[in-house]
Each structure stands twice: as C-alpha cells, then as structure tokens.
Amino acid sequence: MQATTALLHWYDRNFRTLPWRTPPNPELSGAKPNPYHVWLSEIMLQQTTVATVKTYFIKFTDLWPRLENLAEAEEEEVLKAWAGLGYYSRARNLHRCAKIVLRDYNGRFPEEEHKLQQLPGIGPYTAAAISSIAFNQHAAVVDGNVERVISRLRAITDRLPGAKPVIKSHMAALTPHERPGDFAQAVMDLGATVCTPRSPACTICPWVDLCEGRKQGIHESLPRKAPKRVKPTRKGMAFVIAREDGAIALRRRPDKGLLAGMSEPPTSQWSEDMKQDDLGQAPVKADWSLAPSTVKHTFTHFHLELAVWHTQVDAAFPLPEGYWWSVPETLEGEALPTVMRKVLKTPLA
DNA sequence: AATGCGGGGAC
DNA sequence: GTCCCAGCATT
C-alpha cells in the first residue's frame with residue numbers, strides 16, 4: 001500500500017530515540033523490544049506527554065529493572081515513585097497488573113490483544129500498542145494522535161468519540177502485516193511532530209498529497225469533538241501541622257476517588273460555597289495562623305483554591321488515628337500529589 | 001454515551 | 001485563560 005510504505009520510510013528517516021524504544025524495523029536491526037519496557041511506557045504515556053514520562057520511566061526501571069521486581073514491591077513504594085505523574089489509579093493498576101502477569105503468566109505478557117485487555121489498566125489502546133510494538137502482532141492502535149491524523153487523512157467529520165470505530169477501521173486497513181508496531185509508532189510520531197492540533201506542518205508531511213482533509217481545506221478543524229464543559233471552582237482549607245523539628249503531619253487519602261491512596265496534610269471538605277476561615281474544619285485544636293497566599297490548582301474537572309492554615313506544636317502533641325509525622329528528610333519521598341506539594345511549599349508568613 | 005480521574009507544556 | 005496529551009474504569 002502506497003500510504004503505508006511512504007509513512008514507514010518517513011519513520012525510518014525521522015526516528016526519535018526514546019528510553020523505551022528499540023530501533024526501527026526489528027527484522028533488519030535484530031533488536032528485540034522489551035515487553036516490560038513497552039508496557040511500562042505505554043501506561044505512563046496515557047494522557048501524559050513524552051517529555052514528562054522520560055524521567056519517571058528511568059526512575060522506575062532503575063528502581064525495578066524487571067517486572068518481577070515491580071510485582072514484589074510494596075504498593076506504597078510504587079505510589080511514592082509515581083507521585084507527581086497524575087492519574088494515580090494507573091499506579092495501582094500497574095502494580096496489580098505486574099502481580100497478575102508474574103503469577104498467571106509466569107512473568108511474560110500475553111501477546112494477543114484480547115488477553116492483554118483483560119489486565120488492569122490495559123484498555124483498547126494499550127492492548128493494541130503492546131501487541132503490535134512488543135510482539136509484532138497486527139493490531140490497530142488508536143490514540144489521540146491517530147484520531148487526528150486519520151480523521152484528517154480520510155476527512156472524517158463525524159464527532160468523537162462516536163467516530164472512533166470508523167477511525168479504527170481505517171487504521172486497521174492501513175496497518176501492514178510486516179511492521180505493525182513501527183507503523184503504529186509512525187502515525188503517532190507524525191501526529192506529535194507534523195500533524196499537530198494547531199498549525200500542522202503539511203508541507204513536510206509524507207501524506208500531504210493523499211490527505212483528503214487538506215484537499216477539502218478542513219484539516220485544521222479535524223477531528224471534531226464535543227464541546228467542553230466549564231470547570232467550577234471549589235474552595236477548601238489545608239492544615240499544616242509542624243513539629244518543632246520540622247516534621248509535618250500527614251494522612252492517607254481514601255482508596256477511591258480523587259487522589260486515591262495518596263498522602264496529604266489534612267484538608268477540609270472542598271466545595272463551591274466553602275468558607276475558608278471555619279476552624280471547626282480543622283482536624284485538631286491548635287493555635288492556627290493563616291498563610292498570606294492561597295494555593296491554586298486545576299484538576300481534570302474543577303479548579304481548586306486552598307487557604308493554607310498552619311500551626312506549630314511541641315514534640316508531645318498527639319496526632320489523630322492514622323496520621324504520621326514526616327521529617328524533612330522523608331517528606332520529598334512521600335506519596336504527595338502535586339497540589340499537596342504546593343501546600344507544603346506555601347510561605348507561612 | 002457520559003463522567004471522573006492529574007499535571008504540565010504550548011499558545 | 002484554553003487545548004491537548006501514546007486513555008481507562010465505572011456507570
């Protein structure tokens with residue numbers, strides 16, 4: 001197929017080296033992909049940019065060089081290493097998945113898409129990605145890049161996510177039996193570097209002459225998506241309890257919902273009509289002072305503003321059940337999400 | 001089919 | 001500020 005061959009040639013000429021990647025065309029180079037690396041990178045790359053993932057991927061493979069090492073780690077240690085990367089259910093599913101592959105598959109990932117998709121944290125995209133990239137199986141990979149590239153190439157004007165099956169069938173028709181993994185990565189690379197959401201570089205695109213969307217002059221408006229809804233702003237209070245030696249009182253968040261299983265300094269409820277000076281919301285009685293600045297943070301579906309209250313207590317101060325002291329030397333390594341690190345960095349006066 | 005779920009970079 | 005990113009799980 002003309003389009004397929006042209007893109008594989010483009011991929012070979014423009015190959016980007018990444019920590020989890022093997023050189024293109026494995027049959028020629030002889031380099032075999034590492035399924036553990038492919039899986040780990042694909043989980044990290046879900047809704048997360050390549051630049052952000054790089055350092056975390058290196059940290060994880062340094063801490064746990066093989067799937068077996070990760071499977072035998074404590075979940076708490078995995079959450080600590082994942083802290084800051086976001087979408088924390090990924091970290092817990094990653095750990096669960098490693099345990100299942102070790103126990104049920106003798107530490108080796110299955111090669112078939114449908115078996116991969118049974119594993120926690122692996123959905124349609126990731127199953128196809130692992131199957132094609134790690135095992136050279138003919139699987140059609142559809143991520144955000146593929147949706148954009150293919151909807152433009154074929155001038156698909158139906159709205160996402162409804163148009164996804166059509167996009168997948170076009171992608172399947174284009175995917176070769178020879179180098180399916182390289183082709184999948186080629187389309188994604190094209191979307192990341194040439195066929196970008198805004199101002200695509202059509203003049204250097206290997207598919208410019210085939211692009212139906214460009215012929216119709218509608219390529220920059222594709223893919224079409226449902227309109228976003230506005231994010232409300234919730235408010236709350238964060239409570240920093242500091243001991244004389246600099247230790248901070250932390251607790252673990254619930255196992256479900258936002259920032260599940262992660263650590264935090266105690267906070268009040270977060271709501272749109274929350275008063276930020278109601279010290280009845282504090283977890284302990286103490287002499288509270290208000291920090292001069294507010295922490296602002298945006299989650300997927302709402303903005304958050306936290307007033308930061310702080311207090312200094314002596315070494316004998318009793319903490320509520322489930323809380324612990326984290327001294328300055330251990331604080332950095334705690335499973336603290338970014339919003340909570342902002343709270344702890346807030347100047348107190 | 002909708003919704004909940006982080007964080008950062010580009011514009 | 002908005003948009004998007006190598007999406008998944010749940011309802």
Is the A/His177 ring parallel, tilted or perpendicular to the A/His138 ring (thresholds 30°, 60°)?
-> parallel
When the distance from NE2 of A/His297 to C1' of B/dG7 is rounded to whole Å, what number comes out?
-> 6 Å
Using heavy atoms to find the nearest nucleotide of DNA chain C for A/Thr298 and A/Gln185 separately, return the residue whose nucleotide is more 5′.
-> A/Thr298
Looking at DNA chain B, which of residues 38-51 of chain A put a heavy atom within less than 4.0 Å of it?
-> A/Gln47, A/Thr48
Determine yes or no for a side-chain-to-main-chain donor-acceptor pair under 3.5 angstrom, with A/Thr48 supplying the side chain and A/Gln46 the backbone.
-> yes
How is A/Lys164 classified with respect to the nucleic acid when contacts are heavy atoms under 4.0 Å: base, sugar-phosphate, or nothing?
-> nothing
With DNA chain B as reference, determine whether A/Thr52 or A/Arg229 sits nearer its 5' end, using the nearest nucleotide of each.
-> A/Arg229
Between B/dC11, C/dA6, C/dC5, spot the one nearest the side chain of A/Arg198, thanks.
-> B/dC11
So, is A/Lys231 near the phosphate of C/dG1, with a side-chain N or O under 4.0 Å from OP1 or OP2?
-> no
Per atom distances to the A/Asn93 side chain, the nearest of C/dA9, B/dG8, C/dC4 is C/dA9
Separation of atom NE2 in A/His37 from atom C1' in C/dA6, rounded to whole Å | 17 Å
All side chain to side chain contact (heavy atoms under 4.5 Å, CB included) counterparts of A/Asn69, not counting sequence neighbours = A/Trp64, A/Pro65, A/Arg66
Side-chain donor-acceptor pair present, A/Asn93, A/Arg90, cut-off under 3.5 Å = no
Indicate, with yes or no, if the rings of A/His37 and A/Phe57 have centres closer together than 6.0 Å.
-> yes
Can you check whether A/Phe15 and A/Tyr11 have ring centres sitting under 6.0 Å from each other?
-> yes
Rounded interatomic separation in angstrom, taking OH from A/Tyr56 and P from C/dC5 | 21 Å
Atom pair distance, as rounded to whole Å: CE in A/Met340 and C1' in B/dG6 | 12 Å
May I ask you to verify if any side-chain N or O of A/Lys296 is less than 4.0 angstrom from the OP1 or OP2 atom of B/dG7?
-> no
